[in-house]
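Read the structure below first, then the notes.
Every chain is numbered from 1, with letters handed out A, B, ... down the list of sequences.
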Protein chains: 2
Amino acid sequence: MTTIRGARDRARIEVTAAIKDEARRQLAAEGAAKLSLRAVARELGMVSSALYRYFPSRDDLLTELIVDAYDAVGAAGERALAAADPADHLARWTAICTGVRSWALARPHEYALIYGSPVPGYSAPRRTVGPASRVGVALISVARDAFDAGGIALPPLSEDLRPEAERLGAEFAPGLPPEVVAALVAAWAQLFGLVSFELFGQFNSMVEEREKLFVHAAGRLGREVGLLPGR
Amino acid sequence: MTTIRGARDRARIEVTAAIKDEARRQLAAEGAAKLSLRAVARELGMVSSALYRYFPSRDDLLTELIVDAYDAVGAAGERALAAADPADHLARWTAICTGVRSWALARPHEYALIYGSPVPGYSAPRRTVGPASRVGVALISVARDAFDAGGIALPPLSEDLRPEAERLGAEFAPGLPPEVVAALVAAWAQLFGLVSFELFGQFNSMVEEREKLFVHAAGRLGREVGLLPGR
DNA sequence: GTCTATAACGAGATAGAC
DNA sequence: GTCTATCTCGTTATAGAC
């Protein structure tokens, strides 16, 4: 898409990356709420006003970090999915889940940025929505493969939730029955509940074997969506 | 527990409450990372050094807010449980879940304080552990009632997770089989995944009927733990 | 055109002397 | 407990270097 034309463009890309790297360091040290353009500039030996050539505002820098984080966790899930046994739908599902978890454990502050408390005063713009859905899209793709390969059997949905599930399915997972769509949305949120509890310390001095518990729970989530192993 | 002796104690209690109220207001406006004793004092017309007579440090004030929040969400779950049909185990489970969700929707910033991103530089002391487990204890009690009333049937646990589940069960849910214990821990985390996704904006411009989806998912969580309706 | 630097604004936090 | 001097912040205007 973007072609690099010369030294000028290359320098711009490098400086942009340096700004984001430094911003991520501050994210880890102080949290997103205290991310400051001035501190980033100071650390890079620049003057704060120079940053505005690269990011029109502090919120735009935040948005870039958020989009990058969503893309990174999405890519981690997709990579894990690509490496899984293509014939085992439940294994593919669990692969996405463990891919997400591994990424989160490796980059806890970026995880907190996107799945933790909202940043006070910041409101995410539309362009975060697409990247934010990448993990969900990957989960949907596994459910669709399993459905196409042999159907998925789930108990019927209650009448009051079916219209919503049908609407969601039409928009995000066309072709999948509403029972699966409802289970998918719930499993999607619940997956991140497992990761957040581990990362945010709720399991401290309680759960020791976190990976084993996670794999177990992720598998049960897959079954909730109707997936069966080895099909 | 604490007996109120006179006007001095009453004044102390009132000031303490006023400090916490103001701190909670700042939590909502600026986030936990920016909670500042000075700002609280200023807003109350006090001088910052005076606050140290009530809270030895900013972290102690934070701890108090965290303990209060855990107690409040725990009490909300327990209250909802007490109001549910005692004969319907699945309804009792779902009652706890909706009680937690309602509390979270009513006090989103206190929810974020305890279930959102960790506060940079703050490390929760031991005394938060007890209050933090109240919701979990309520969920366990429902599972125990159902188990005592007629047993719970779940597929056996994989060998590599069983020791951990047995250890957890011995410590937190004695008498319950390890399959139920593992399901309980996972469901506990997943419940807050559902609430966090709704509260932290992941459902924005996506899920509309959030309560309906939540009730559905909470019921499925209860079934994952082995609960059946009306028993 | 592209970038950086200087300076300034209004708002707010902070440290220390008193 | 008060006051002040000095920091921080995001952001903008402007001027000049490449």
#### Entry: salt bridge (Lys or Arg N to Asp or Glu O under 4.0 Å) assessment of B:Glu198 paired with B:Arg101
CA-CA 9 Å; B:Glu198 177 172 356; B:Arg101 173 176 176 271; 2.9 Å; yes

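- Between B:Glu224 and A:Arg220 there is a salt bridge, with a side-chain nitrogen of the basic residue lying less than 4.0 Å from a carboxylate oxygen of the acidic one.
- Listed by first and then second residue, the side-chain hydrogen bond (donor to acceptor under 3.5 Å, both in side chains) pairs that reach into residues 112-130 of chain B are B:Thr63-B:Tyr122, B:Glu64-B:Arg127, sequence neighbours excluded.
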### Task
Go through the steps to decide whether A:Arg134 and A:Glu78 satisfy the test salt bridge (Lys or Arg N to Asp or Glu O under 4.0 Å), and finish with yes or no.
CA-CA 8 Å; A:Arg134 275 179 73 167; A:Glu78 289 162 14; 2.7 Å; yes

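- No contact: B:Leu37 has no heavy atom under 4.0 Å from any strand.
- In summary, contact between chain A and DNA chain C, defined as any nucleotide atom under 4.0 Å from a heavy atom of the protein, begins and ends at C:dC3 to C:dA8 in the 5' to 3' direction.
- Within the structure, the side-chain hydrogen bond (donor to acceptor under 3.5 Å, both in side chains) test picks out no pair touching residues 32-56 of chain B (sequence neighbours left out).
- Judged purely by distance below 3.5 Å, without hydrogens or angles, the side chains of B:Asp59 and B:Ser57 never pair a donor atom with an acceptor atom.
- Salt-bridge check for A:Glu14 with A:Arg10: failed, with every basic side-chain N at 4.0 Å or more from each acidic carboxylate O.
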What's touching nucleotides 6-8 of chain D from the protein side, N or O pairs under 3.5 Å?
none

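- For the contact set between residues 52-59 of chain A and DNA chain C, defined by any heavy atom under 4.0 Å, the members are A:Arg53, A:Tyr54.
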### Message
Run B:Phe55 and B:Thr16 through side-chain contact (heavy atoms from CB on, under 4.5 Å) and show every step you take.
### Response
CA-CA 8 Å; B:Phe55 297 94; B:Thr16 305; 3.7 Å; yes

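- For residues 10-39 of chain B, there are no ring-ring contact (aromatic ring centres under 6.0 Å, His included) pairs, not counting sequence neighbours.
- Here the side chains of B:Glu110 and B:Trp103 are in contact, with some heavy-atom distance below 4.5 Å.
- Sequence order on DNA chain C of the closest nucleotides to B:Glu30 and A:Arg12 puts A:Arg12 first from the 5' end.
- Mapping A:Ser48 and B:Ser49 onto DNA chain D by nearest heavy atom places B:Ser49 at the nucleotide closer to the 5' end.
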